[in-house]
2 protein chains.
Amino acid sequence: MVKERVTVIDIARAAGVSKSTVSLVLQASPLVNEATRAKVNAVIRELGYVYNRGAANLRQSNAKSKIIGVVVNDLTNSFFAELAVGIDMVVQSAGYVQFLANTGESLDRQREVIASMREHGISGLILSPARGTEASDLKSLVAAGVPVVNVVRQVPGAKVSSMISDNHAGAHEAVTHLTGLGHRRIAFLGGFPDTAVFNERFQGYRAALVDAGLEASGELVIGSAPSRAGGVAAVERALSLAVQPTAALCFNDAVAFGACDGLRAKRMEPGVDFAVVGFDDVIEAKTAVPALTTVSVDPQGMGRRTAQLLLKQINAGKADAEAIVGSVRLVIRQSCGSAADKRERLALI
Amino acid sequence: MVKERVTVIDIARAAGVSKSTVSLVLQASPLVNEATRAKVNAVIRELGYVYNRGAANLRQSNAKSKIIGVVVNDLTNSFFAELAVGIDMVVQSAGYVQFLANTGESLDRQREVIASMREHGISGLILSPARGTEASDLKSLVAAGVPVVNVVRQVPGAKVSSMISDNHAGAHEAVTHLTGLGHRRIAFLGGFPDTAVFNERFQGYRAALVDAGLEASGELVIGSAPSRAGGVAAVERALSLAVQPTAALCFNDAVAFGACDGLRAKRMEPGVDFAVVGFDDVIEAKTAVPALTTVSVDPQGMGRRTAQLLLKQINAGKADAEAIVGSVRLVIRQSCGSAADKRERLALI
DNA sequence: TGACAATATTGGAACGTTCCAATTATTTTG
DNA sequence: CAAAATAATTGGAACGTTCCAATATTGTCA
């Protein structure tokens with residue numbers, strides 16, 4: 001079972017041409033005669049030749065390997081899985097292949113993974129940075145002229161393009177919807193307070209409360225892991241307050257689902273006894289019961305736009321950073337009850 | 001902004017040594033003097049050198065690039081996301097980097113992605129094959145001596161190792177649990193009937209019914225997409241039957257969640273009015289309300305074992321295929337009601 | 001001090017490809 | 001039919017690394 005690597009030279013010998021000709025065939029050059037091309041291709045198939053991109057890249061240090069690296073911080077969150085699928089759609093049709101890696105919020109891992117992708121000569125990188133990523137972590141990459149687009153989270157000070165969603169506006173719209181339904185005590189549930197995304201959504205939440213003439217009470221802001229389990233814990237704490245909230249804007253959909261679970265565990269029905277709004281509009285939001293009212297970020301669409309941004313940058317060759325803020329819209333479903341409940345709630349006051 | 005690539009020769013010149021010495025430093029060879037090593041490393045940092053793995057691999061065609069390729073057929077299914085995370089854990093601690101790619105069940109895409117990974121000289125491949133994958137699709141890979149492990153699904157006739165879960169036993173155990181609770185009309189919901197996994201689970205379902213002295217009625221087997229939406233549709237059809245089932249084994253957890261949603265939409269409470277059993281034990285199964293009774297496949301654990309299998313094969317260098325069937329166990333939670341309901345149900349007959 | 005071993009360092013060939021300039025074969029043109 | 005134009009093919013140098021064998025430096029001991 002000795003594996004001898006098949007090279008262009010083997011092909012050349014077997015086809016009775018020179019290695020240069022084989023190389024031209026591989027690049028689909030128009031310079032080569034139709035008959036020879038067919039002959040060479042036949043031999044290639046016959047001998048089971050595998051193109052050695054390493055060797056090729058060595059020679060043509062300019063033309064990169066048709067690979068886009070995608071690095072995300074939490075693959076178990078389906079938001080990122082869908083983001084990746086969105087990226088894949090456009091990356092694919094542009095003739096690239098996407099290699100995805102997960103950091104699980106580990107900075108060390110992120111460094112390793114990015115280094116490894118770089119060594120393999122990726123054409124560009126889409127990064128949802130792990131918490132605590134600094135501009136210096138990306139510096140060498142951009143200095144080397146590798147196009148980078150940050151997504152979901154920004155890295156302060158880094159001169160790279162970014163695609164984030166309008167968290168402030170989304171949270172504002174969601175809370176305004178809740179106040180419009182007559183809610184006066186509205187909690188903000190879940191998320192890590194030291195992240196930019198948390199902060200943007202929280203600011204939008206607070207601004208909407210102020211706009212509605214309500215005061216933002218600190219005890220109604222309850223951080224937690226941005227996961228389903230975190231949501232359960234957060235809503236539990238919210239319900240243990242002396243004066244309970246009647247509604248909550250959740251950091252993301254995972255937290256919102258957790259909040260629904262937590263409510264049911266306390267024999268309360270989400271959408272009836274308590275209004276829940278999520279953030280992201282994950283695919284399950286529509287089919288869950290009750291269907292989740294949530295701020296739609298459209299992860300797939302976001303992935304597509306991010307990929308387009310990156311491709312534009314790859315093709316242009318220039319590197320002036322561009323920050324796109326994706327618009328966002330509130331999708332009203334069943335988890336907040338209807339306006340009919342409003343009278344009832346107001347009557348209680 | 002002209003990017004000149006920094007090479008070992010530049011380093012050598014700047015450090016006043018030969019390129020060979022720099023190479024030795026890069027490989028952390030013990031042959032080089034401590035002082036020179038420090039000097040060289042300093043220069044490397046200073047000039048922002050990036051290791052060119054392409055060139056390295058070219059020379060040492062044996063030692064592969066420390067990369068494990070993972071190709072899955074549906075990244076939006078969180079089962080695969082968790083599988084990938086499990087793989088990552090062991091792959092990572094073995095000093096490898098995982099590159100993940102998604103095929104979305106497209107055979108063409110799968111071909112492209114595998115080819116691309118191969119060109120980059122992956123050390124091994126873990127593949128959850130797209131539907132319709134044939135042994136010939138893997139032939140060239142194994143012929144070239146690249147270790148391959150199939151996971152979740154097998155490819156008939158392919159001489160590669162595989163790691164699948166004991167679908168027959170799991171389904172059997174689940175259904176036996178249901179018959180033990182007194183259920184007599186048990187549906188099998190979701191999944192595509194033309195897949196091996198479906199078949200194995202279905203056979204386990206049928207065998208358990210027979211063992212319990214019940215006959216398996218065809219109308220109770222309702223296929224659908226193996227997704228949440230598919231589960232909603234399937235349970236809907238089940239409830240429209242003249243003689244309704246009182247329980248269901250679902251193809252996977254996603255279908256089971258969908259079934260719960262569908263039940264609620266019809267004002268039935270899963271776990272009380274209807275027993276639901278899932279398959280996979282996805283991470284949300286525990287925190288959902290009601291907590292899902294399901295056959296635990298432990299995707300992370302499965303990922304870990306798969307990765308171990310692959311690493312073993314990479315290190316051994318030999319390629320004798322090994323088929324591991326992961327054991328599986330029923331995790332009883334709240335979605336089936338308790339034995340207390342059994343008397344009630346039997347009383348009705 | 002000379003002989004030997006141990007420790008550090010090095011030049012050059014090789015890996016599989018692409019590119020360039022040069023060459024050969026074929027066709028067109030005056 | 002020679003000359004020019006075009007089409008097809010080719011050998012060799014380069015890309016950045018590792019490996020090998022060889023050399024240079026230092027240390028040890030009788």
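Numbered from 1 within each chain, the chains take letters A, B, ... in sequence-line order.
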Open item on the list: How would you summarise protein contacts on nucleotides 7-14 of chain D per nucleotide, using B for base, S for sugar-phosphate only and - for none, with heavy-atom distances below 4.0 Å?
Closed with: -SSBBBBB
Open item on the list: Without decimals, in angstroms, what is the distance between B:Y51 OH and D:dT17 P?
Closed with: 8 Å
Task: Whole-Å gap separating P (C:dT17) and CG (A:L26) - done: 8 Å
Open item on the list: Do B:L127 and B:V151 make a side-chain contact, defined as non-hydrogen atoms from C-beta onward lying under 4.5 Å apart?
Closed with: no
Open item on the list: Rounding to an integer number of Å, can you tell me how far A:I44 CD1 sits from C:dT17 C1'?
Closed with: 13 Å
- [ ] Determine the contact category for A:S23: base if any of its heavy atoms lies under 4.0 Å from a base atom, sugar-phosphate if only primed atoms, P, OP1 or OP2 are that close, otherwise nothing.
- [x] base
Open item on the list: Nearest whole Å is fine: how far is C:dT17 C1' from A:D10 CG?
Closed with: 13 Å
Open item on the list: My understanding is that only one of B:L24, B:L26, B:V25 makes a side chain to side chain contact (heavy atoms under 4.5 Å, CB included) with B:V40; could you say which?
Closed with: B:V25
Task: Nearest-angstrom distance from the residue atom CG of A:N57 to P of C:dT18 - done: 10 Å
Open item on the list: Run the side chain to side chain donor-acceptor pair (under 3.5 Å) test against A:Q300 and tell me which residues pass, sequence neighbours left out.
Closed with: none
Task: Side-chain N or O of A:Q27 closer than 4.0 Å to phosphate OP1/OP2 of C:dT17 - done: no
Task: Terminal helix-axis angle for the helix from C:dT1-D:dA30 to C:dG30-D:dC1, with five pairs defining each axis and rounding to 10 degrees - done: 40°
Task: Those residues that, when tested against A:Q98, pass side chain to side chain donor-acceptor pair (under 3.5 Å) (two or more places apart) - done: none
Task: Any side-chain donor near an acceptor of the partner, B:D74 and B:T76, under 3.5 Å - done: yes
TODO: In sequence, state the C-alpha distance, the side-chain angles, and the governing distance for B:E105 and B:R153, and then conclude on salt bridge (Lys or Arg N to Asp or Glu O under 4.0 Å).
DONE: CA-CA 12 Å; B:E105 298 287 9; B:R153 300 174 178 175; 2.9 Å; yes
- [ ] Rounded to the nearest angstrom, tell me the gap between atom CD in B:Q60 and atom P in D:dT18.
- [x] 6 Å
Task: Nearest-Å distance for atom pair CD1/P, residues B:I9 and D:dC15 - done: 8 Å
- [ ] Using whole Å, report how far CG of A:N52 lies from P of D:dT17.
- [x] 16 Å
Task: Listed partners of B:F79 passing ring pair (Phe, Tyr, Trp, His ring centres under 6.0 Å), at least two apart - done: none
Using distance only, find each side-chain donor-acceptor pair of residues 81-96 of chain B under 3.5 Å and give its atom names and separation, not counting sequence neighbours.
| from | atom 1 | to | atom 2 | distance (Å) |
| --- | --- | --- | --- | --- |
| B:E82 | OE2 | B:I283 | N | 3.3 |
| B:S93 | OG | B:M89 | O | 3.4 |
| B:S93 | OG | B:V90 | O | 3.1 |

TODO: Taking atom types as modelled, find out whether A:R53 and B:S116 have a side-chain donor-acceptor pair closer than 3.5 angstrom.
DONE: no
